[in-house]
Amino acid sequence: MHTMSDKWNLDDIYTGFDSPEFLADFEGLKDRIEEMNGLSAKLTDFAQAVELILMYEDYCITADRLGSYIGYVASTNTEDEDASKYEYLLETRTAEGRPTEVRLSAFLAKHEKDIEELAKAHGLEDYIFKMRVMIEEHAHLMSEEEETLATQLAATGSSAWALLHEELTANLVCKYKDPIKDKIRKINITDCRNLAYNPNAKVRKAAYKAELSAYRKIAESCAAALNGIKGEVNLTCRKRHFAGPLEQTLFESGLTQKTLDAMFAAIDENIEYFRDYLKAKARYLNSESLKGLPFYDLYAPVGNSAKKDFTYEDAKKFVLENFAKFSPAMAQVAQQAFDEQWIDVYPREGKVDGAYCGRIYAVNQFRILLNFGGNLSDAITLAHELGHGYHNMQLMNERYLNTDEPMPLAETASTFCEIVVTNAALETLEGQEKLQLLENSLQEATGTIIDIYSRFLFEKEVFDTRLDHPLTVKELKKLMKKSQRATYGDGLHPDYLHPYMWLIKPHYYDADESYYNFPYAFGLLLANGLYKIYTDDPGSFEAKYNNFLRATGKMYVKDCCALLGIDVEDISFWRAALDVIKKNIEEFKQAVPAAL
């Protein structure tokens, strides 16, 4: 039975929408915006710019606190009317602060040559990188009036579409025909998707069918939401002088096209190894006459662990023990999250699917949303999100405007923790239990490399096609299957793909973070590189790692990785990172015949 301790406690952020603190901060935001806009309108010297930056810093911390609280309430209850109301009001209110951002970047651009000297003279050395980024952003800004209008329109455009998608998927109910009890049950979509980890093949297949059937009820609405969001992004990208959404994403991530090309080139060279893994798993499961692995068997458990159920208490113990082997400080952060109820654990109606971690700078804390289903993979997800949490705690040692780490590096920290936990556990296991964890690691890696690649290809085609016309549900399903065939190849059964993957993944519906797919692949492979550095010199690694994490918000990706001697534009780095996974695939392929 679930208890209140399984839900996160938000009281340190705000005790409610009617609390004096929340109302004071929300109402006070308007005064801060007016003050900033007033100062930015008469910006003439660098002393005023410093005053404005400090004012803007304080404003952002408060806006972040408000937005975090509103978002957390909405995530666990998409029908909360106050959360919906304040989400809209906060977005429209912060849009009024857009002129300050535009004017400040324009002022800094005029003083580009003297930025470093002026910053040092006025005690703003910490923000030299941030100011340089703002100067670069200036070249991609519309006029002050257009930027303000675009931000205001997003509240009734892309953000409204995203909220619709969130509510539709969070409250979706499946008619699941239980093959064990031979009766139809109504279950929410998250519980249905969690059945993909069930050891019974009939259960997995029935859940897959129920899931796809349920999506038909909301497919047209979600397609409309996706078209609205992608259409808006295409338009604003052109207006901001980007060649397209991918160029904008790379710019905002501080990532070069050369880096992305090197990573995908290495993946293309090695893609057959992942397909071999899938075919080996199909042989183990005897899946559908061995025509490749059906999508509903992708997450099927392999190996027979003595422990059949993996409770949340088991997951906490598993993570703490293995974090402690790497870093007592990391284990301490995890323990604090458990003790102080920073984690919302189980799925329930009205709660969004998936998992995430968000920080609240104002109170020096973070929160984690899970949808724990009682599987080993859920324990790995917990480690992943706590990796974000540890990263967040490091970043909160920095000034606020230096905490906006790019997506690829955010996913590196979280995935590194997955690897730490998995490898530490593999050293102590043997036989069927080791096979189970090894396969789970490959399952995660294949999803992160191959499925993410399919999502990248899909999103690129959607953006390109959306320039011509809105896509129908039929077109979206066709593109999704095409992308899956391109990456999974003969590793997946051709009759059992997942044509609705575009519908359930929330990343597609965020207008501010297009292509939130390849950062996961980047993160996994870079994390492999970090782990190799750790094993070569474990004694000195933690201090280097913490320094790396703290630098992620104030350096470009290439420069940040160079701190650890990594060249992410060199394909040889990515090949070496993939070699780690390939070695595990060969070990699994050899273990499968013995396990049959």
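Just so we're clear, the structure is a prediction, and the values are computed from it rather than from any experiment. Positions are given from 1 along the sequence.
Around atom NZ of Lys217, more than 12 heavy atoms belonging to other residues, nucleotides or ligands sit under 6.0 Å away. More than 12 heavy atoms of other residues, nucleotides or ligands shown are found within 6.0 angstrom of CD on Glu398. Open room surrounds CD on Glu117; 12 or fewer heavy atoms of other groups in view lie less than 6.0 Å from it.
Between the side chains of Tyr69 and Asp12, no donor-acceptor pair is found at a separation under 3.5 Å. Remark: the Glu459 side chain and the Tyr516 side chain contain no N/O donor-acceptor pair separated by less than 3.5 Å. Between the side chains of Ser414 and Glu411, at least one donor N or O lies within less than 3.5 Å of an accepting N or O. Side-chain contact annotation: Thr148 with Thr151, donor-acceptor N/O pair under 3.5 Å absent. Using modelled atom types and a 3.5 Å distance limit, the side chains of Ser105 and Glu137 yield no donor-acceptor pair. Side-chain polar atoms of Asp353 and Thr190 form a donor-acceptor pair below 3.5 angstrom. Neither side chain, Thr249 nor Glu252, offers a donor N or O lying under 3.5 Å from an acceptor on the other.
For the side-chain hydrogen bond (donor to acceptor under 3.5 Å, both in side chains) condition, the pairs that include at least one residue of residues 13-23, sequence neighbours left out, are Tyr14-Asp25.
You'll find the side chain of Leu476 stays beyond 4.5 Å of the side chain of Met480, heavy atoms only. In this structure the side chain of Lys7 never reaches within 4.5 angstrom of the side chain of Val345, judged on heavy atoms. Looking at Gln332 and Gln335, their side chains never come closer than 4.5 Å, going by heavy atoms from C-beta outward. Using a 4.5 Å heavy-atom threshold, the side chains of Phe338 and Tyr312 count as touching. Side-chain contact check for Glu513 versus His507: every heavy-atom pair is 4.5 Å or farther apart.
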Next item on the list: Carefully, step by step, assess Phe251 and His140 under the rule ring-ring contact (aromatic ring centres under 6.0 Å, His included).
Entry: CA-CA 10 Å; Phe251 175 80; His140 291 286; 4.9 Å; yes
Next item on the list: List the steps and the verdict of ring-ring contact (aromatic ring centres under 6.0 Å, His included) for Phe326 and Phe416.
Entry: CA-CA 11 Å; Phe326 167 71; Phe416 178 74; 5.4 Å; yes
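Electrostatic pairing of Glu101 and Arg98 counts as a salt bridge here, judged by a charged N lying under 4.0 Å from a carboxylate O.
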